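Model, not experiment: these values are computed from the prediction. Protein chains get the first letters and strands the later ones, always in sequence-line order, with residue 1 at the start of each. As a basis for the values below, the full set of heavy atoms in this structure was taken, side chains included, without hydrogen atoms, waters or symmetry mates.
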Amino acid sequence: MAKFNRYLITAALPYANGPVHIGHLAGCYLPADIYVRYLRAKKEDVKFIGGTDEHGVPILIKAMKENVTPQDVVDKYHKIISDSFADMGISFDIFSRTTNPVHHETAAAFFKKMYDDGLFEEHESEQYYDTVKDMFLADRYIVGTCPNCGNPNAYGDQCERCGSSLSPEELINPRSTLSDAPLVKKLTKHWYMPLQNYEPFLKEWLLDGHKEWKNNVYGQCKSWLDSGLQSRAMTRDSNWGIKVPLPDAEGKVLYVWFDAPIGYISATKELTPDWADYWCKDDTKLVHFIGKDNIVFHCIIFPAMLKAHGNFVLPENVPANEFLNLEGEKISTSRNWAVWVDDYVKDFPDQQDVLRYVLCSTAPETKDNDFSWKDFQTRNNSELAGIFGNFVNRAMVMMHKLCGGKVPPFHTELKNERDEALIATLQEKKAKIENSIENYRFREALAEMIDVARAGNKYLQENEPWNLAKTPELQAVNQKQIDNCLHLSLQLTANLAIFANPFMPFTAKKICHMLKVVDRILDWENAGSLKLVSVGYSLRAPELLFKKVEDEQVNSQIEQLHARRIKAMEEQKAAATPVAEKVEAEPKATIEFDDFAKLDLRVGTILEAEKVAKADKLLKLLVDIGTEKRTVVSGIALHFTPEEVIGKQVTLVANLAPRKMRGIESQGMILMAENAAGKLVFVNPDAAVDAGSEVR
RNA sequence: UGCGAGGUAGAGCAGAGGUAGCUCGUCGGGCUCAUAACCCGAAGGUCAGAGGUUCGAAUCCCCUCCUCGCUACCA
């Protein structure tokens, strides 16, 4: 730690087109905040930088769909996001936004400097252009007929029916998803950064110089560097973003990934006139906290930009986390499978630390991890309430009962082995927690902290002060021993506040309040001290630090989660319907009876149904057709939940050649009827028949 | 398809050649100051699977399988 004189900590800029959820917190903002609070407690010079990323195409599209301006969209979400962080105690020194003038100036100047130094290449290419909306379109916003399977609604990057990956050029009759208009090709010029030129620098700096980075980060970077880098466009055709600061650049803006990381610099400028100390002096330790999807930008592209521009420090570490799942499934914004932070704060008022604790202890530090409400309840009830809160409460209550509400003295002459052991544990834990935090192992640090409370409980159990005070006579005899036990227990409680502070700042303050000490005792240098509360000082009545979380609360959360997902699916259905209506079923050519006879149609019963991962529309079904059970993958997930199709009778094309979808072999096809509104309906027998019955 | 990360008790993790460990959960016991909390003890693992190197492999090598990322929205 001696090498660095100041710290600059950044957390990924959340994209301002939606609120933040627990995955964001667990992956990035919470670890960053813990690290920062720890550094502040050590009185390090630290700045914690954040803000919203407010440019880019998705925001533009969202604004068009909602018929508002892009500025309206980002204003709305900037407020929601920054409120959520503030509520959760994420202690940014500044939470800025990339639409601020300072940022526009900074990012444009950054680009201009690189341009003036001749660090960009200019390339022209043909891109699809929507003449109705008057804009160039990204691949995702182009649909057309799939050249492989004939699906009329294949996307510009992938056909969701046959799974083949596409480029927009391959689509037949490409059209815009925004206006439905046919597209024309138009020539456009962009500025590219030749990343391959920075390969030697990146290899030396990162691969040789930062072998200590986390496996997942290092491995990913090595893979990118080994496979070779290419020129990458740093501008886009759009009217929403930072205008390219060149004369012949009308309608061009900086690529959002070029401008976003510069947002860290702009925000620092906004925060302090000394911003350059943090960005340009070698004794600054720059650490980027991000999720794993951002690794390439923070470890390859941004460092290359900083190097290209010159005069900037490079990140000392990028401790990217993996992803957090929710109840065993990927968090999904579009399917509304998420716990939103603003909802949590409303549903669990004054319990931010519970979420902080649970998310930290289950943080996806080395691999993807799962958050479940059941686990949330268990951790709160057994670890926070049962161990931590209970210890503090026991110490406080007994001090009031047995020591007259004042901090008892410690009688050194009676110090015993248990006291020694407890004091030793305290020292040992301090060192361990420091080491864990400094190496970004926050889960481990948190477990060590809880272990201190556990040691406290054990200490009380072994000393049994309640037995020493069974009768007034006994108590009089044993008072000194009781004093010692509670004196140490109270000092331990104060230490717990210091240890807990980076993780659970609200709880730390509550403890300070109860112990009637000022917040300054939370300074890290006080950790391990046995003089935090003064002898003879009268303390407040204890309050419970943590409430139990009841079954009804978690059950209600789980229900809400499912209800929201169904609602989101219905909304998607509704949105998808107009497209379905346009595809009129054309009459097909007459076939002979023999053609029909080739079909083996069977009635089957759906035994099992589950969502196919990574596919919005697919359900994996197990269908009983009497003689056997078939696995069938069916594209009905937007219309039916797995639960509602189980037990249904269906008509199955049983001799259709098997086809693999998303890695699952589908052995047949379920017949569905589609009504005018695009709603799918099962084609099944009028009355129940035996599974396997033939349809003729 | 390829590359990266991961797969260790019911759950979450640690261990990176030498008797498989921690927390939670479960079971049994103790205690009663405390939020039916706390403390002690026990059960529970062919360390994803197969092969190899080694006196000895969870750990090293090879192959296979599974999950996630690179690859919709998205940390």
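Between the CD1 atom of I295(A) and the C1' atom of C68(B) there is a distance of 12 Å, given to the nearest Å. Atom NZ of K222(A) and atom C1' of A5(B) are 14 Å apart (whole Å). Atom CD in E448(A) sits about 11 Å away from atom C1' in A14(B), given to the nearest Å. When rounded to the nearest whole Å, the span between CG of L13(A) and P of A75(B) equals 10 Å. Rounded to an integer number of Å, the gap from CG of D451(A) to C1' of C24(B) is 13 Å. Atom P of nucleotide C24(B) and atom CH2 of W373(A) are separated by 22 Å, given to the nearest angstrom. The distance between atom CG of L324(A) and atom P of C68(B), rounded to the nearest whole Å, is 15 Å. Between K429(A) atom NZ and U23(B) atom C1' the separation is 11 Å, expressed in whole Å.
Listed here is the closest heavy atom pair of A363(A) and A26(A): CB-O, 4.2 Å.
Distance alone, capped at 3.5 Å, places no donor-acceptor pair between the Y344(A) side chain and the P349(A) backbone.
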(request) Kindly indicate, with the supporting measurements, whether the criterion side-chain contact (heavy atoms from CB on, under 4.5 Å) is fulfilled by D350(A) and K547(A). (result) CA-CA 10 Å; D350(A) 200 31; K547(A) 285 187 282 194; over 6 Å; no
(request) Could you give me the CA-CA distance, side-chain angles and deciding distance for E329(A) and R565(A), then say whether salt bridge (charged side-chain N to carboxylate O under 4.0 Å, His left out) is met? (result) CA-CA 12 Å; E329(A) 289 181 45; R565(A) 172 159 70 176; 2.7 Å; yes
(message) Would Y29(A) and F85(A) count as a ring-ring contact (aromatic ring centres under 6.0 Å, His included) here? Give the steps.
(response) CA-CA 8 Å; Y29(A) 304 101; F85(A) 286 145; 4.5 Å; yes
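Not counting sequence neighbours, the partners of F48(A) by the ring-ring contact (aromatic ring centres under 6.0 Å, His included) test are F92(A). The side-chain contact (heavy atoms from CB on, under 4.5 Å) search around E383(A) returns Y357(A), R379(A), not counting sequence neighbours. When the side-chain contact (heavy atoms from CB on, under 4.5 Å) test is applied to I558(A), the partners found at least two apart in sequence or on another chain are E327(A), W373(A), H562(A). Scored by the side-chain contact (heavy atoms from CB on, under 4.5 Å) test, R454(A) finds I387(A), I450(A), D451(A) as partners (sequence neighbours excluded).
Sorted by first and then second residue, the salt bridge (charged side-chain N to carboxylate O under 4.0 Å, His left out) pairs with a member in residues 388-405 of chain A form an empty list; sequence neighbours excluded. Counting only residues at least two apart or in different chains, salt bridge (charged side-chain N to carboxylate O under 4.0 Å, His left out) contacts with residues 462-475 of chain A are absent. The salt bridge (charged side-chain N to carboxylate O under 4.0 Å, His left out) analysis of residues 9-19 of chain A, with sequence neighbours excluded, yields no pairs.
Separation of the P atoms belonging to G41(B) and C13(B) is 26 Å when rounded to the nearest angstrom. Spacing between G12(B) and G51(B) at atom C1', rounded to whole Å, works out to 32 Å. With both ends at atom C1', the span from C38(B) to G21(B) equals 24 Å, rounded to whole Å. Separation of the P atoms belonging to G52(B) and G28(B) is 45 Å when rounded to the nearest angstrom.
Stem regions for RNA chain B, each three or more consecutive Watson-Crick or G-U pairs with both distances under 3.5 Å and listed by first number, read B:2-7 with B:65-70, B:10-13 with B:21-24, B:26-30 with B:38-42.
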(request) Could you run through nucleotides 29-38 of chain B and give me one letter per nucleotide, 5' to 3': B if any protein heavy atom sits under 4.0 Å from the base, S if only the sugar-phosphate is that close, - if neither? (result) -BSSBBB-SB
(request) Summarise how protein sits on nucleotides 6-13 of chain B as a single string, 5' to 3': B when a protein heavy atom is under 4.0 Å from the base, S for sugar-phosphate-only contact, - for no contact. (result) SSS---SS
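Using a 4.0 Å heavy-atom criterion, one finds that G27(A) contacts no nucleic acid atom at all. Residue I331(A) is in base contact, counting any heavy-atom pair closer than 4.0 Å across all strands shown.
Residues E322(A) and N216(A) have side chains that bring a donor and an acceptor to within less than 3.5 angstrom of each other. For the residue pair N317(A)/H210(A), the side-chain donor-acceptor check at 3.5 Å is not satisfied.
Using a 4.5 Å cut-off on side-chain heavy atoms (C-beta onward), K548(A) and Q377(A) make no contact.
RNA chain B is contacted by no residue of residues 81-89 of chain A, taking any non-hydrogen atom closer than 4.0 Å.
Of the side-chain N and O atoms in K330(A), none sit less than 4.0 angstrom from OP1 or OP2 of U67(B). Residue N17(A) has a polar side-chain atom (N or O) positioned under 4.0 Å from OP1 or OP2 of C74(B).
Using the six-membered ring where Trp is involved, F297(A) and W257(A) have ring planes that are parallel, under 30° apart on the 30 and 60° scheme. Relative orientation of the F376(A) and F371(A) rings is tilted, given thresholds of 30° and 60° on the angle between their planes.
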Contact list (N/O, under 3.5 angstrom) for nucleotides 61-64 of chain B vs protein:
none

